[in-house]
Amino acid sequence: MKQIRHFLTLLDLSPREFRGVIQRASELKTMRNKGVEHRPFSGKSLAMIFEKSSTRTRVSFEAGMEQLGGHALFLSSRDTQLGRGEPIADSARVLSRMVDIVMIRTFSHDIIKVFAEHSAVPVINGLTDQYHPCQLLADMQTWFEHRGDIQGKTVAWIGDGNNMCHSYINAARRLDFKLNICCPEGFDPLAEILDPASGRCEIFRDPMAAAAGADLIVTDVWASMGQEEEQKAREAAFAGFQVTSEMMSVAAGDALFMHCLPAHRGEEVAADVIDNPNSVVWDEAENRLHAQKALMEFLLK
Ligand code: CP
Ligand code: NVA
């Protein structure tokens, strides 16, 4: 029987496979820019389950599936039986008999694990409270396109030890770069995710020290989806953690800035950083499209 490949975290890809997906993403980007049609997914469907809001993830998967010749279904938990308590395992069994691939954006990472266990088709993590691996495919594609291989480089993560930070930790393991993680005390990444990567990651409390000499500076919102009520308390806890032009000036001379978006100018990032030519956030957002097309090709091969 053919083994089903899921993409729940970056650790589901070997380093070679990760690099392969990035390379293929750039090829697909070139093909699209040249107007070359590539529609291998004729007759195939992607179910996209969203339990949280999205702009980029929804549009990139839906447009990507269309460009590959397939069809995408947007399923909100509000309008499906999932939102009325149908068990995850049952939903997985049913949906995976009808579609060829599933993407889920949800809260607890356990939900997507249960879904994948009972799914007869590949399942892609479109963000959970713990991880956002699709974003890292796009971030790494963006780095490779601007600067070449990331092996041996230093990335500074400034902000919350959240789902994006966890996926950066996994990327550091897979692509062999150094990660300086700078969070206020109490907002560190989970030890179970950090500990296996401890050789490549270092925790800082001083953002300027974490940014010093870094090749890439990355941040994300201070209050993630599901933490809206903590917004005010988090703004206080993260004071001093805004990525500023002073911080960029102590990084490597050609350092890039990334943010998965949506961004809050004046909170986690200063406007003159995100709107500066060293900021590659628009390429990063666009690359969600190409990277996920490459990922779906890989999983359905
Ligand atoms: N970066 C990202 O995942 O954006 P959306 O929440 O808009 O999908
Ligand atoms: N950490 C953010 C990422 C949004 C794409 C969140 O989970 O809301």
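Both ligands and their constituent atoms are indexed starting at 1 by order of listing.
Residue-to-ligand polar distances place L261 within reach of ligand 1: an N/O pair is separated by less than 3.5 Å. In terms of N/O distances under 3.5 Å, ligand 1 is approached by C260. By the 3.5 Å distance cut-off applied to N or O atoms, H132 is not counted among the residues near ligand 2. For ligand 2, the polar-atom distance check against K52 finds no nitrogen or oxygen pair separated by under 3.5 Å.
For the ligand labelled ligand 2, residue L261 lies inside the 4.0 Å heavy-atom shell. Assignment of L127 to the shell around ligand 1 is not supported, since no heavy atom sits closer than 4.0 Å.
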Test salt bridge (Lys or Arg N to Asp or Glu O under 4.0 Å) on K178 and D215; report intermediate values, then the result.
CA-CA 10 Å; K178 173 150 197 290; D215 301 291; over 6 Å; no
If you apply the rule ring pair (Phe, Tyr, Trp, His ring centres under 6.0 Å), what do you find for F298 with F7, and how did you get there?
CA-CA 10 Å; F298 172 79; F7 182 64; 8.7 Å; no
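Residue I88 is tested with I112, I104, I111 for a side-chain contact (heavy atoms from CB on, under 4.5 Å); the sole match is I111.
To the nearest 0.5 angstrom, D129 atom CG is 7.0 Å from S108 atom OG.
No side-chain heavy atom of L299 sits under 4.5 Å from any side-chain heavy atom of H6. Contact of the L127 side chain with the T57 side chain is not registered, since no non-hydrogen atoms from C-beta on lie closer than 4.5 Å. Side chains of M258 and Y168 form a contact here, defined as non-hydrogen atoms less than 4.5 Å apart. At least one side-chain heavy atom of D220 sits under 4.5 Å from a side-chain heavy atom of N163.
Atoms of ligand 1 found under 4.0 Å from any heavy atom of T55, numbered from 1 in the order shown, are 5 (P), 7 (O), 8 (O). Under a 4.0 Å criterion applied to the non-hydrogen atoms of M225, ligand 2 contributes the atoms 6 (C), 7 (O), 8 (O). Applying the 4.0 Å criterion to heavy atoms of D220 picks out, from ligand 2, the atoms 1 (N), 2 (C), 3 (C). Annotation for ligand 2: atoms under 4.0 Å from non-hydrogen atoms of N162 are 1 (N). Taking a cut-off of under 4.0 Å to the non-hydrogen atoms of L127, the atoms of ligand 2 that pass are 3 (C), 4 (C), 5 (C), 7 (O).
Of the candidates R58, K52, R105, R56, the one placing a heavy atom closest to atom 6 (O) of ligand 1 is R105.
Considering only non-hydrogen protein atoms, atom 7 (O) of ligand 2 sits nearest to N163 ND2, 2.8 Å. Counting protein heavy atoms only, atom 2 (C) of ligand 1 is closest to R288 NH1, 3.3 Å.
A side-chain donor-acceptor contact under 3.5 Å links Q292 and R288.
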